[in-house]
Amino acid sequence: MTVRTRFAPSPTGYLHIGGARTALFCWLYARRHGGTFVLRIEDTDRERSTEASVQVILDAMEWLQMQPDEEPVYQTDRFDRYGEIIEQLLAQDKAYPCYCSRERLDQLREQQQAAGIKPRYDGHCRGGSRPVDGVTPVIRFASPLSGEVLVEDLVHGRTVFTNDELDDLIIRRSDGHPTYNFTVVVDDIDMEITHVIRGDDHLNNTPRQINIYHALGATPPQFAHLPMILGSDGSRLSKRHGAVNVLEYRDQGFLADALLNYLVRLGWSHGDQEVFSRKEMVALFDLADVNKAASRFNDEKLTWLNQQYIKHGDPDELGAQLVPFLQALGFDSASGPDPADIVRVQHDRVATLAEMAEASRFIYESFDEFDPKAAKKHLRPVIREALADVRARLADLADWTADEINAAIHASAESLELKMGKVAQPIRVAVTGGPVSPSIDGTVYLVGRETAVARLDRALAFIDARSAAER
RNA sequence: GCUCCCUUCGUCUAGCGGUUAGGACAUCGCCCUCUCAAGGCGGGAACACGGGUUCGAGUCCCGUAGGGAGCGCCA
């Protein structure tokens, strides 16, 4: 039996972090076992489902590079099929029409809650009921009245539910649309899903679904219920915890691989290993190593991982990904150095691509004035000779490479018997306007010869004006 | 309220009856150093509680507490 897993989001918004983790585990499990991963769009709630969010989910899956192996299945395309199965259940007396009004149901629920018992349908119409004029009945599944259901879960082990806890759930609304607990079962049977991997908020639905499998004469698939991902404060993940939308992470400069690496470690582990390439994840992932307890989302660790991926990633690939972030700040990346070179210089001093772009501002933009504090400290007459010497050497440099620049600055410092610390910081202030930038050779290199020389001249003029004023 | 699930450092986790309870993020200190970082070294920090079972429990069982989920003509 070849493994088939599915990820089944409902298109009522964006793909959130929890959904992405579920998708990842489904995808990994299928990959690991040479199986198939498919996507099912659960859009039966026509009130809330939109095509726009279908697209957003697809975009997120693509960004994460977890594309399904087959065309996505849309539940709205399958209404005829659901209708067919409902008719079949009706004919077999495994389902029945219910004319109970919402008012009666609400009242019933209130009474039960007041009595301290679990609210559930009382089976009023189960034995057959008189049609009510002008009312289209809902269809309810005739759930077993006694006995119990065993859920053999791949992560939780065995859980027992007694059927008297379960009521006759609605499988078709009065508007003719089928409902979730019914459609999942029909779809998972028709799609030949072998492993249902989903959040453990569905664990309580599982016995109902198993009963439907049995009513349909089908063998239930294997189940694996994943622990939830909570917000940093331990409550359910929501907007107030910051970004929960996967695409927001992309826009903030996180790498897809880093996000996946972070997510895979939420609820799964392989000994002490923290960093996993996609290949490693696929090779090592196993549901047996999935944890049962919920975890909290921790931005700091994600950030650290992202930094690792930036630091060790391929400069050309990262450079290509950096371009949109440069453009977002209004920088014309074509007018500057090779983005891959920016990555090489910046990669171990930033955690996100957005930060890298921001930290590269000095390459593309001039500055109005030198940072006053930095200029006061570093652009002083005593350093004028050194800056002039560096300027001359840079202007004459045969090859404009970081190594050559480094050699030139060192040579200059040595000839004037200055320590690097004495000369590097003034150059930094001269070239960037401020006291913070990458290593001095990389900084000068990225700015380019023309700009570097011009800015050194500007600094020399600044020093001259300053000594004139002090005289 | 009822049902189900869960419980190791602040956080993510390793542990699958005998461990000085390990790693990672974060944090603190030191080193390195042209700024900022990165890096190196080191420190502090956990088995929720109470009963059992056992020669021996973080590991098994039962309670308690706490957290989560479900109880819709949402998915």
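In this text the structure is predicted, and so the values were computed from the model without any measurement. Every chain is numbered from 1 and lettered A, B, ... according to where its sequence line falls, protein lines coming before strand lines.
For the P atoms, the distance linking B/C6 with B/U59 amounts to 15 Å, nearest Å. The P atoms of B/G68 and B/U8 are separated by 15 Å, rounded to the nearest whole Å. Between B/C2 and B/C9, the two P atoms lie 29 Å apart (nearest whole Å). B/G43 and B/G50 have their C1' atoms separated by 34 Å, with the value rounded to a whole Å. For the P atom pair drawn from B/A26 and B/C61, the interatomic distance equals 36 Å after rounding to whole Å. A distance of about 28 Å separates the C1' atoms of B/A14 and B/C4, rounded to the whole Å. Annotation: B/A48 and B/A21 have their P atoms spaced 15 Å apart (nearest Å). Taking the P atom of each, B/G44 and B/G66 are spaced 33 Å apart, rounded to whole Å.
Look at A/R48 and you won't find any side-chain N or O under 4.0 angstrom from OP1 or OP2 of B/A75. For A/S269, a side-chain nitrogen or oxygen approaches OP1 or OP2 of B/A14 to under 4.0 Å. Using a 4.0 Å cut-off, no side-chain N or O of A/H347 falls inside it from OP1 or OP2 of B/A38. Note on A/K311: every side-chain N or O is 4.0 Å or more away from OP1 and OP2 of B/A37. The side chain of A/T44 places an N or O atom within less than 4.0 Å of a non-bridging phosphate oxygen (OP1 or OP2) of B/A75. Put simply, A/N291 has a side-chain N or O that comes within less than 4.0 Å of OP1 or OP2 on B/A14.
A/F161 comes within contact range of the sugar-phosphate backbone alone, with a heavy-atom separation under 4.0 Å but no base atom that close. Using a 4.0 Å heavy-atom distance criterion, A/R102 is classed as a base contact. At the heavy-atom level, A/G434 lies nowhere under 4.0 Å from the strands shown. Here A/T159 lies in heavy-atom contact (under 4.0 Å) with sugar-phosphate atoms only. Counting non-hydrogen atoms under 4.0 angstrom, A/R120 reaches nothing in the nucleic acid. Looking at heavy-atom distances under 4.0 Å, A/P438 makes contact with a base. Contact annotation for A/L266: backbone-only contact, meaning every heavy-atom pair under 4.0 Å involves sugar-phosphate atoms and none involves a base.
Aromatic ring pairs are classed by plane angle as parallel below 30°, tilted from 30° to 60° and perpendicular above 60°; the pair A/H225 and A/F223 is parallel.
Partner A/D122 forms a side-chain hydrogen bond (donor to acceptor under 3.5 Å, both in side chains) with one of A/R104, A/Q111, A/Q112 and no other, that one being A/R104.
A donor-acceptor contact under 3.5 Å is not formed by the side chain of A/R296 with the base of B/U11. At a cut-off of 3.5 angstrom, counting only N and O atoms as typed in the model, there is no donor on one side facing an acceptor on the other between the side-chain of A/S437 and the base of B/C36.
Rounded to an integer number of Å, the gap from CD1 of A/I171 to P of B/A75 is 13 Å. One interatomic measurement links the two molecules: CG of A/D167 to P of B/U3, which rounds to 15 Å at whole-angstrom precision.
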Could you go through nucleotides 21-25 of chain B and list every protein N or O atom that sits under 3.5 Å from one of its N or O atoms, giving the distance for each pair?
unit_1 : atom_1 : unit_2 : atom_2 : d
B/G22  : N2     : A/D272 : OD1    : 2.8
B/G23  : N2     : A/E274 : OE2    : 2.8
B/A24  : O4'    : A/E274 : OE2    : 3.4
B/C25  : OP1    : A/W304 : NE1    : 3.4
B/C25  : O2'    : A/K301 : N      : 3.3

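A salt bridge between A/D190 and A/R78 is present, with a side-chain N of the basic residue lying under 4.0 Å from a carboxylate O of the acidic one. The pair A/R208-A/D167 counts as a salt bridge, with a side-chain nitrogen and a carboxylate oxygen less than 4.0 angstrom apart. Checked for salt-bridge contact, A/D187 and A/R40 meet the test: a charged N lies under 4.0 Å from a carboxylate O. A salt bridge links A/K301 to A/E274: at least one charged side-chain nitrogen sits closer than 4.0 Å to a carboxylate oxygen. A/D153 and A/R158 are not joined by a salt bridge, as no carboxylate oxygen comes within less than 4.0 angstrom of a charged side-chain nitrogen.
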TODO: Apply ring pair (Phe, Tyr, Trp, His ring centres under 6.0 Å) to the pair A/F297 and A/Y262, showing each step before the final yes or no.
DONE: CA-CA 9 Å; A/F297 194 85; A/Y262 178 69; 5.1 Å; yes
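The nearest pair of heavy atoms linking A/A402 to A/D441 is O-CB, 3.6 Å.
Pairing of B/U54, defined by two Watson-Crick or G-U wobble distances under 3.5 Å, is not identified with any nucleotide. Nucleotide B/C36: unpaired (no Watson-Crick or G-U wobble partner with both distances less than 3.5 Å). As the counterpart of B/G1, B/C71 is assigned, both hydrogen-bonding distances of the Watson-Crick or G-U wobble pattern falling under 3.5 Å. In this structure B/A14 sits in no base pair that meets the Watson-Crick or G-U test at under 3.5 Å. When both distances must be under 3.5 Å, the Watson-Crick or G-U wobble mate of B/U7 is B/A65.
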